[in-house]
Protein chains: 2
Amino acid sequence: MVTAVQHACFRHQLHDNRPDGSIVGSGMAGQSVAETKTEERGSDNSAGRSAEVDLIAVLVAVTGGEPRVMTLDGGRALPSGPFELAHRSLQSGLRDWVEQQTHHPLGYVEQLYTFADRDRGAGPTAARVISISYLGLTREDVGRDSAEGWRSWYDYFPWEDWRSGPPPVIEEIVAPALTAWAEGGGTERRHRVALAFGLGGNPWNEELTLQRYELLYEAGLVAEAHQPRLDEHGLLVPGRAMLTDHRRILATGIARLRAKIKYRPVVFELMPPMFTLLQLQRCVEALGGRLVHKQNFRRLVEQQELVEETGETAAETLGRPAKLFRFRHAVEVERAIAGTKLPLIRS
Amino acid sequence: MVTAVQHACFRHQLHDNRPDGSIVGSGMAGQSVAETKTEERGSDNSAGRSAEVDLIAVLVAVTGGEPRVMTLDGGRALPSGPFELAHRSLQSGLRDWVEQQTHHPLGYVEQLYTFADRDRGAGPTAARVISISYLGLTREDVGRDSAEGWRSWYDYFPWEDWRSGPPPVIEEIVAPALTAWAEGGGTERRHRVALAFGLGGNPWNEELTLQRYELLYEAGLVAEAHQPRLDEHGLLVPGRAMLTDHRRILATGIARLRAKIKYRPVVFELMPPMFTLLQLQRCVEALGGRLVHKQNFRRLVEQQELVEETGETAAETLGRPAKLFRFRHAVEVERAIAGTKLPLIRS
DNA sequence: ATGACAATACTCACTTTGAGCATAAGTTGG
DNA sequence: CCAACTTATGCTCAAAGTGAGTATTGTCAT
């Protein structure tokens with residue numbers, strides 16, 4: 001526990017929380033703008049008791065060492081559709097829409113977050129919409145009509161890929177722009193920027209994807225399809241835009257996945273039935289946007305008995321042939337037992 | 001990562017996931033009942049595009065060493081109300097309802113899960129309802145009109161409190177009943193029961209609260225207010241019932257909180273401004289339902305610099321006076337940086 | 001054979017945990 | 001004031017877990 005207290009936590013007191021529990025404000029004065037942005041951007045009121053409910057999917061696959069997300073409309077939207085009474089459940093509704101729109105079967109799925117504002121996207125007259133978002137993991141079905149909607153998620157967040165060192169975009173564009181913006185916002189704002197983007201000696205934390213996006217949005221540095229702030233500052237951070245708040249939802253999905261692979265064996269949902277340890281490593285690196293220490297990575301995977309040898313070896317082109325492994329599905333059950341990190345008593 | 005793979009994970013392929021990512025079925029045949037119970041119990045179809053949206057709160061406090069939850073209606077319901085267009089956001093809507101119904105201010109709040117079925121509670125004619133649930137943490141305002149709706153959450157889940165050893169209910173009632181039920185369900189079902197309840201040599205995992213409840217529900221061993229299965233088996237597991245699916249939502253909240261205190265310093269939301277380390281420990285123990293090793297607990301809290309001395313000591317009645325500490329709010333920011341557990345390269 | 005390129009094996013120095021043992025500092029009942 | 005009790009704090013020790021490298025071993029393309 002203490003652990004109970006081991007990581008980061010943020011307070012929100014009278015303000016809305018972010019999907020990832022990120023910091024919003026600690027009661028200090030000043031950035032009420034920041035604090036109220038996430039779940040409540042505008043929206044006209046009236047009194048009604050029903051709302052339209054949308055289901056949105058962040059469908060992820062990793063192919064060719066790139067993390068990809070399924071998109072529609074030329075990369076501008078995530079698969080989505082309204083929840084209808086005909087749907088058995090939220091998840092089955094989502095599955096219906098995704099399979100219908102992308103012709104891609106959905107495997108592992110988990111709920112991400114429920115948003116209640118679309119103000120970012122719709123005009124001021126837009127009705128209240130509830131967006132229930134899901135994260136889905138699959139293998140890209142190479143060699144089909146697919147490849148169609150799959151795009152590297154780094155197209156949308158170029159500053160998130162640190163696999164070949166700090167992305168130049170940060171030092172060249174993001175950092176200066178954000179720093180300038182933060183000038184007008186007190187220490188708190190500068191602090192948030194430094195933490196999120198690893199400036200001023202702070203280490204980079206790949207899990208803060210959503211916070212970084214929100215910061216950029218708040219600073220008016222990203223444009224979305226419906227709202228091309230193109231000339232406001234004459235300066236925009238690179239990265240492909242999306243409709244309404246789909247890019248925010250994508251950021252939420254990335255953040256969740258980056259955090260989750262660290263404590264649950266979900267990566268395997270993205271791997272083919274058999275793979276080499278290097279392939280597994282590349283997959284993890286693609287998701288995290290960072291390189292990992294090869295030897296230690298293998299040690300972990302093996303000592304945790306997450307995989308088992310298949311007996312076969314990869315027919316690679318270069319170097320010593322690697323053994324092919326398969327995921328030990330048994331761990332799914334075994335690990336259900338683990339979990340705890342409290343300094344428990346007894347045994 | 002490998003870590004990426006470190007804990008438990010479950011597959012669901014064509015079935016709905018549980019709020020806590022719990023196991024549902026692994027493609028093996030047999031328990032389709034289990035697999036489809038969570039989010040899709042019945043509900044009549046028609047074609048509509050809007051739904052009623054409810055906000056439900058699991059409001060937690062720890063007083064007198066007991067974890068409490070705020071209830072209404074004589075302990076049969078959680079604070080809740082419909083989301084209306086007049087609400088600024090989901091969270092503010094929730095706050096409005098809770099404060100109006102309980103007269104208790106809401107502090108820390110985080111979204112729990114969105115359910116789409118109320119079949120459990122409402123009759124077959126019930127319209128589609130979306131329930132968006134939240135977890136809230138506060139300090140019980142002792143010495144007010146309050147104390148009113150606060151109930152120990154172990155009233156609802158007696159088998160969850162292991163602070164004074166394995167609860168007798170398990171060996172006496174739960175285990176036999178579940179075992180009998182599992183007989184008719186193949187190895188898989190027996191396995192699930194053993195894992196969830198720590199039978200057959202398996203260790204107890206306090207985080208599986210929701211899975212345990214679901215298992216009991218599936219087995220027809222718990223009754224809810226609207227559906228008092230009282231005589232079906234002539235045997236029911238003890239534990240207070242609630243309206244519709246509120247008890248399930250409560251279980252979801254408990255599970256989430258038990259998991260969260262292990263990696264985020266949220267316990268402090270439940271503590272008074274100043275406290276002794278033993279009080280903090282008791283709070284953690286109350287939540288987890290398990291005892292922790294005192295010395296190691298302190299070591300963790302201190303070495304992680306989660307607290308700082310106030311200089312004062314507690315005016316206790318017994319034993320050596322303890323120092324009073326306060327939470328170091330700075331860690332909220334510092335910890336935002338941490339997070340990673342990948343065997344990263346470089347530094 | 002010679003390199004190049006990976007896959008694998010092992011080391012080593014710390015750090016982090018799980019479990020206890022030992023003291024210290026008040027309170028309470030003679 | 002002393003003995004008995006109760007809780008707070010200090011410390012020790014060994015077993016695991018981690019971060020960073022170094023060394024070897026297979027294969028394929030010259």
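We name chains A, B, ... by the order of the sequence lines, and we start the count at 1 in each one.
- Residues meeting the side chain to side chain contact (heavy atoms under 4.5 Å, CB included) test with B/Thr276, sequence neighbours left out: B/Leu278, B/Gln279, B/Ala314, B/Ala322, B/Leu324.
- With sequence neighbours excluded, the residues that form a salt bridge (charged side-chain N to carboxylate O under 4.0 Å, His left out) with B/Arg328 are B/Glu334.
- Judged as a side chain to side chain contact (heavy atoms under 4.5 Å, CB included), and not counting sequence neighbours, the contacts of B/Ala194 are B/Leu199, B/Asn202.
- Applying the salt bridge (charged side-chain N to carboxylate O under 4.0 Å, His left out) rule to B/Arg299 yields no partners; only residues at least two apart in sequence or on another chain are considered.
- Every residue was checked against the ring pair (Phe, Tyr, Trp, His ring centres under 6.0 Å) condition with B/Tyr156, not counting sequence neighbours, and none meets it.
- Shown here are the salt bridge (charged side-chain N to carboxylate O under 4.0 Å, His left out) partners of A/Glu160, two or more places apart in sequence or in another chain: A/Arg212, A/Arg258.
- With the nearest nucleotide of DNA chain D identified for both B/Arg299 and A/His293, B/Arg299 has the one nearer the 5' end.
- Summary of helix geometry: the two end axes of the helix from C/dA1-D/dT30 to C/dG30-D/dC1, each defined by five base pairs via their C1' atoms, are inclined to each other by 0° (rounded to 10°).
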Give each protein N/O atom lying under 3.5 Å from an N/O atom of nucleotides 27-30 of chain C, with the pair distance.
{"unit_1": "C/dT27", "atom_1": "O3'", "unit_2": "B/Thr317", "atom_2": "O", "d": "3.3"}

What nitrogen or oxygen pairs link the protein and nucleotides 23-25 of chain D at under 3.5 Å?
{"unit_1": "D/dT25", "atom_1": "O2", "unit_2": "A/Arg320", "atom_2": "NH1", "d": "2.9"}

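- With sequence neighbours excluded, no residue forms a salt bridge (charged side-chain N to carboxylate O under 4.0 Å, His left out) with A/Arg190.
- A/Ala251 pairs by the side chain to side chain contact (heavy atoms under 4.5 Å, CB included) definition with A/Phe157, A/Thr209, A/Leu210, A/Tyr213, not counting sequence neighbours.
- Applying the salt bridge (charged side-chain N to carboxylate O under 4.0 Å, His left out) rule to pairs touching residues 301-314 of chain B yields B/Glu308-B/Arg326, B/Glu309-B/Lys323, sequence neighbours excluded.
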